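Note that this is a predicted model, so its numbers are computed, not measured.
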Amino acid sequence: MVAAVSQRSDLDLWRTFCFLCPMFHWRNVRQLICLFAAVCILTSRSLADEQDFQEEFLKREYSLAKPYRGLGFSSSSQWDLMGTAMVTPDHVRLTPDLQSRQGAVWSRIPFFLRDWELKVHFKIHGQAKKNLNGDGLAIWLTKDRMQNGPVFGNMNHFTGLGIFVDTYPNADKRYDRTQPGSQRAFPYISVMLGNGTLSYDHDYDGRPTELGGCTAMARNAIYDTFVLVRYSKHRLTLMVDVDGKQEWKDCADITGVRLPTGYFFGASSATGDLSDNHDIISMKLYELTVQRAAEEEEEEEVTIPSVDNTDQFQVEVEEEGMSGVQFFFTVLFSILGLGVLAVVGLMVYYRKESRRKRFY
């Protein structure tokens, strides 16, 4: 019915232009101009119809956007607030620019789509100077919801997917700066898959369990900042748009990812001795239409999050080596210790010898 109405309106537009532009009595140039204008109008209409068609894939029950209806403490709400999180006309502020705060927003509805795309519009800003701010925010798709904890305001040993926008470098001094890839510019966005036993290591900025990531200068940005997470056919793709060019840049691409259904979306943040404002402006979830082969439709149900070939993603964490001065004093005290033991041993030996000779 909609398609018929659309085609009829297009024909009406075409007849109107043909009536207004009597081509057969004009010169060729005027005829071409009129024809070009008609084509542009019809093409713009078809593009608008295509955009409206794509918007139908927006899953509003899993999305959070202005004016933030369905968010609060009523029984009909689709999202819950936790901790210091509060709603304003322009954003959901997870934590203010104050020390020792935790806040989160969590969806109440379990998520069962197999192929999806999540677009998050966020903002991190504050008064502190670079590297004197923290700690960042996280986007979640996890089995448990509404749990306070040390991982950007959520529980440790979580089960599910975590996307971390980390704004404070904890591990820079722990890595050899001559080793390729050891240094990072912050803010840094990383991906972690939790199975209920893995721990997020704040001291190393989550590197031991990181599956991928990239630098994204999202703090105090003068442009809108976005992160996009796409999951389809066991492939997890992470992209960012933080420099105002309105184009997505690749951040991480991980194959062999297996996520169960029935989990919950959320966003959380935490501040410690350092702080920032952490705001969620929108979280929009789209269902992807993907063609699958018969064998793909009959895949076994996933119960625990996992990733194939995990070893290729492991980051080796090396303990900080001893400096030259530390090595010198270690050797020196070792030699002195051995010397003291030798002197004590000789004294004991001669004392025993002297006692033995007195009995002869």
Side-chain angles (χ1 to χ4, degrees), residues 64-68 70-73 77 79-107 120-140 142 144-158 162-173 184-190 192 199-206 213 215-227 240 242 264-283:
L64 182 67
K66 299 177 184 178
Y68 307 115
L71 191 156
F73 301 100
S77 297
W79 293 79
D80 283 323
L81 296 173
M82 187 177 70
T84 59
M86 61 178 295
V87 182
T88 75
D90 298 319
H91 53 254
V92 177
R93 175 152 294 173
L94 302 176
T95 57
D97 193 358
L98 297 171
Q99 295 177 336
S100 303
R101 299 292 193 272
Q102 287 190 4
V105 57
W106 284 95
S107 173
V120 181
H121 184 188
F122 68 97
K123 187 174 184 179
I124 300 176
H125 58 105
Q127 300 297 322
K129 296 181 179 179
K130 184 179 180 181
N131 293 338
L132 291 176
N133 55 278
D135 289 325
L137 60 83
I139 309 299
W140 303 98
T142 55
D144 301 300
R145 60 187 293 274
M146 302 290 286
Q147 301 290 327
N148 283 318
V151 185
F152 297 94
N154 191 28
M155 63 182 292
N156 205 351
H157 303 102
F158 62 89
I163 310 292
F164 309 122
V165 185
D166 193 351
T167 58
Y168 183 76
N170 293 289
D172 274 2
K173 63 181 180 179
R184 292 178 175 177
F186 279 73
Y188 188 86
I189 301 180
S190 63
M192 176 181 170
S199 176
Y200 180 85
D201 192 341
H202 263 294
D203 291 338
Y204 290 96
D205 299 320
T215 294
M217 297 303 178
R219 182 181 181 269
N220 282 344
I222 60 176
Y223 309 105
D224 289 336
T225 50
F226 301 88
V227 59
V240 296
V242 297
F264 299 90
F265 278 109
S268 68
S269 178
T271 63
D273 294 334
L274 304 174
S275 62
D276 258 337
N277 297 303
H278 299 94
D279 302 333
I280 295 293
I281 299 172
S282 67
M283 295 175 64

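In the displayed structure, M86 atom CE is contacted under 6.0 Å by at most 12 heavy atoms of other residues, nucleotides or ligands.
Rounded to the nearest 0.5 Å, atoms OG1 (T271) and CG (L98) are 7.0 Å apart. With values rounded to the nearest 0.5 angstrom, T225 atom OG1 is found 13.5 Å from M217 atom CE. Put simply, CG on L137 and CG on D276 are 10.0 Å apart, with the number rounded to the nearest 0.5 Å. Rounding to the nearest 0.5 angstrom, the gap separating the CD1 atom in I281 from the NZ atom in K123 is 6.5 Å. Here the straight-line distance linking atom CZ of F264 with atom OG1 of T142 works out to 8.5 Å at 0.5 Å rounding.
Contact between A128 and R219 at its shortest, heavy atoms only, is O-NH2, 2.9 Å. Taking both residues in full, the closest heavy atoms of H91 and Y68 are given as CA-OH, 3.1 Å, listed atom of the first, atom of the second, then distance. Nearest heavy-atom pair across A104 and S268 is CB-CB, 3.7 Å. Contact detail for A218 and V242: the closest heavy-atom pair is CB-CG1, 4.1 Å. Residues I139 and M283 approach most closely at CG2-CE, 4.2 Å, considering heavy atoms. When all heavy atoms of L274 and Y168 are compared, the pair lying nearest together is CD1-CE1, 3.5 Å.
Between L81 and V92 there is a side-chain heavy-atom pair separated by less than 4.5 Å. Within the 4.5 Å cutoff, the side chain of L94 has no heavy atoms near those of the D279 side chain. Within the 4.5 Å cutoff, no side-chain heavy atoms of T84 are placed close to those of Q102. Between L71 and V105 the shortest side-chain heavy-atom distance falls below 4.5 Å.
Aromatic ring centres of F122 and F226 lie farther apart than the 6.0 Å criterion allows.
For the 3.5 Å distance criterion, the side chains of D135 and H202 fail to qualify, holding no donor opposite an acceptor. Of the N and O atoms on the side chains of D203 and N170, not one donor lies less than 3.5 Å from an acceptor on the other residue. Side-chain contact check for T95 and S269: at least one donor-acceptor pair (N or O, by modelled atom type) lies under 3.5 Å.
With hydrogens and angles ignored, the 3.5 Å screen pairs a side-chain donor or acceptor of T88 with a backbone N or O of D90. Looking at S199, its side chain never comes within 3.5 Å of a backbone N or O of D201 through a donor-acceptor pair. Using modelled atom types, one side-chain atom of N220 and one backbone atom of G126 make a donor-acceptor pair closer than 3.5 Å. Not a single donor-acceptor pair under 3.5 Å links the side chain of D97 to the backbone N or O of H125. Between the side chain of N277 and the main chain of P96, no donor-acceptor pair closer than 3.5 Å is present. Checked by atom type and distance alone, the side chain of Q99 never pairs as donor or acceptor with a backbone atom of G272 at under 3.5 Å.
A search for side chain to side chain contact (heavy atoms under 4.5 Å, CB included) contacts involving S100 returns nothing, not counting sequence neighbours. Looking at residues two or more places apart in sequence or on another chain, you find a side chain to side chain contact (heavy atoms under 4.5 Å, CB included) between T167 and I124, N133, P187. Applying the side chain to side chain contact (heavy atoms under 4.5 Å, CB included) criterion to M146, with sequence neighbours excluded, gives D80, M82, W106.
Looking at F164, F265, F152 one by one, the single match for ring-ring contact (aromatic ring centres under 6.0 Å, His included) with W140 turns out to be F164.
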